Amino acid sequence: MDGYGGDQVRAAERPHLEAGEPLMQRAADGLARIVSELLDDPAVRPQDGPGSVLLLVGSGDNGGDALFAGARLASAGRHVAVLRVGSRVHGAGLAAALDAGARLLGGPSDAAGTGTAGAADILRAAATPDADRLAAVAAEAAAEADLVLDGILGIGAGGGTSLRSPARQVVDAIRELARDQRAPFVVAVDVPSGIDVDTGAVADDHVLHADVTVTFGGVKAGLLTGPGATLAGRIELVDVGIGADLAATEPLVRT
């Protein structure tokens with residue numbers, strides 16, 4: 001399996017984005033399809049019913065991928081809840097999810113609007129007084145959900161930078177459920193939030209361990225090496241139309 005660096009993936013995406021190709025929508029389609037398959041898998045969710053998903057949504061395009069996938073899941077009758085953990089949110093993605101029937105559980109009280117923002121915003125965010133409140137909401141919602149979608153940080157976040165408040169407290173609250181044998185099934189959006197996309201390194205242990213990572217366009221090198229290889233779980237690749245571009249590039253990692 002070939003693993004590509006964040007810069008390589010962004011370079012492969014660039015001409016397609018400039019041509020107006022809907023890469024995010026393709027990613028969301030694939031993500032929603034895989035999550036639906038997991039919800040229908042008795043090994044993942046033995047109960048009857050449509051299944052429930054908790055979206056952990058950061059500031060950037062990674063959160064947008066999660067929100068648009070959440071919209072598709074809600075439209076298909078799944079129970080979808082959204083918890084914002086970034087200073088901003090992908091506005092179109094949030095609107096689509098809410099219009100489809102998703103529930104908004106909350107977000108930072110000082111969130112700065114609904115415009116599109118870089119994923120690094122969440123890394124710079126100062127500790128918020130409502131971090132403990134959001135952590136409590138996350139723990140309760142995750143304990144009730146069949147599946148948690150980690151859409152906090154993606155490849156635009158930089159290398160292995162530790163999560164900041166309130167994302168840090170939210171992730172810790174969900175990780176605590178695992179110690180009580182109540183861990184939800186976790187799907188990472190593109191990469192587990194907090195790993196270095198190139199090396200798989202992590203700044204600390206405040207990373208949500210994924211059962212499955214759904215990655216877009218090409219497998220990220222950080223999913224194949226270092227701590228990221230363990231934290232990623234099973235890797236599922238969604239084709240968004242950049243495969244030929246990446247095939248002409250020397251991967252960072254070959255396994």
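Every value quoted in this text rests on a predicted model; they were computed, and no experiment measured them. Numbering of residues begins at 1 and proceeds along the displayed sequence.
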Quick one: closest heavy-atom pair of [X] and [Y], and the distance?
X	Y	answer
Leu163	Val171	CD1-CG2, 3.6 Å
Ala145	Pro184	O-CB, 4.4 Å
Leu223	Pro192	CD2-CD, 3.6 Å
Ser193	Val207	O-CG1, 3.4 Å
Leu31	Ala69	CD2-CB, 3.6 Å
Ser36	Leu73	OG-CD2, 3.2 Å

Salt bridge or not between [X] and [Y]? Use side-chain N to carboxylate O under 4.0 Å.
X	Y	result
Arg26	Glu21	yes
Asp196	Lys220	no
Arg10	Glu13	no
Arg33	Glu37	yes

Does [X] reach the main-chain N or O of [Y] with its side chain, forming a donor-acceptor pair under 3.5 Å?
X	Y	result
Asp150	Val189	no
Arg234	Val214	no
Thr225	Gly200	no
Arg84	Val57	no
Arg78	Pro50	yes
Arg168	Ala131	no

Query raised in the report: With respect to Phe185, which candidate in Leu39, Asp41, Val44 satisfies the side-chain contact (heavy atoms from CB on, under 4.5 Å) definition?
Result: Val44

Residues 243-252 side chain polar contacts: donor-acceptor under 3.5 Å, at least two apart:
residue, atom, partner, partner atom, Å
Asp245, OD1, His16, NE2, 2.8
Thr249, OG1, Asp245, O, 3.3
Glu250, OE2, Arg254, NH1, 3.0

Requested in this report: Could you walk me through whether Thr215 and Val238 pass the side-chain contact (heavy atoms from CB on, under 4.5 Å) test, one step at a time?
Outcome: CA-CA 6 Å; Thr215 197; Val238 171; over 6 Å; no

Got [X] and [Y] here, is their nearest side-chain heavy-atom distance under 4.5 Å?
X	Y	value
Asp40	Arg45	yes
Asp211	Val187	no
Leu54	Leu56	yes
Val186	Leu147	no
Asp190	Thr213	no
Tyr4	Val219	no
Val9	Ile155	yes

Query raised in the report: Can Asp2 and Val253 be said to form a side-chain contact (heavy atoms from CB on, under 4.5 Å), step by step?
Result: CA-CA 6 Å; Asp2 292 342; Val253 174; over 6 Å; no

Query raised in the report: Given the rule in the side chain to side chain donor-acceptor pair (under 3.5 Å) test, do Arg72 and Gln25 qualify, once you have shown the distances and angles that lead to the verdict?
Result: CA-CA 10 Å; Arg72 288 155 171 76; Gln25 300 303 326; 2.7 Å; yes

Requested in this report: Please assess Leu224 against Ile235 for the test side-chain contact (heavy atoms from CB on, under 4.5 Å), listing each intermediate value before the final yes or no.
Outcome: CA-CA 9 Å; Leu224 304 176; Ile235 298 170; 3.8 Å; yes

Distance (rounded to the nearest 0.5 Å) between [X] [atom1] and [Y] [atom2]:
X	Y	atom1	atom2	result
Leu208	Asp172	CG	CG	9.5 Å
Leu94	Leu55	CG	CG	10.0 Å
Met24	Asp65	CE	CG	4.5 Å
Ser162	Leu153	OG	CG	10.0 Å
Ser165	Leu134	OG	CG	8.0 Å

Query raised in the report: Does anything in residues 138-148 pair up under side chain to side chain donor-acceptor pair (under 3.5 Å), and if so which pairs, sequence neighbours excluded?
Result: Ser52-Asp146

Report task. Go through the side-chain N and O atoms of His90 and Asp61 and say whether any donor and acceptor fall under 3.5 Å apart. Result -> no

Query raised in the report: Would a hydrophobic clustering, with Ile, Leu, Val, Met, Phe, Trp and Tyr connected at side-chain separations under 4.5 Å, put Leu105 with Val85?
Result: yes

Query raised in the report: Applying the 4.5 Å side-chain criterion to the ILVMFWY set and letting contacts propagate, would Phe68 and Leu17 be lumped into a single cluster?
Result: no

Requested in this report: Starting from the C-alpha separation in whole Å, work towards a yes-or-no answer on side-chain contact (heavy atoms from CB on, under 4.5 Å) for Val35 and Val53.
Outcome: CA-CA 9 Å; Val35 169; Val53 181; 4.2 Å; yes

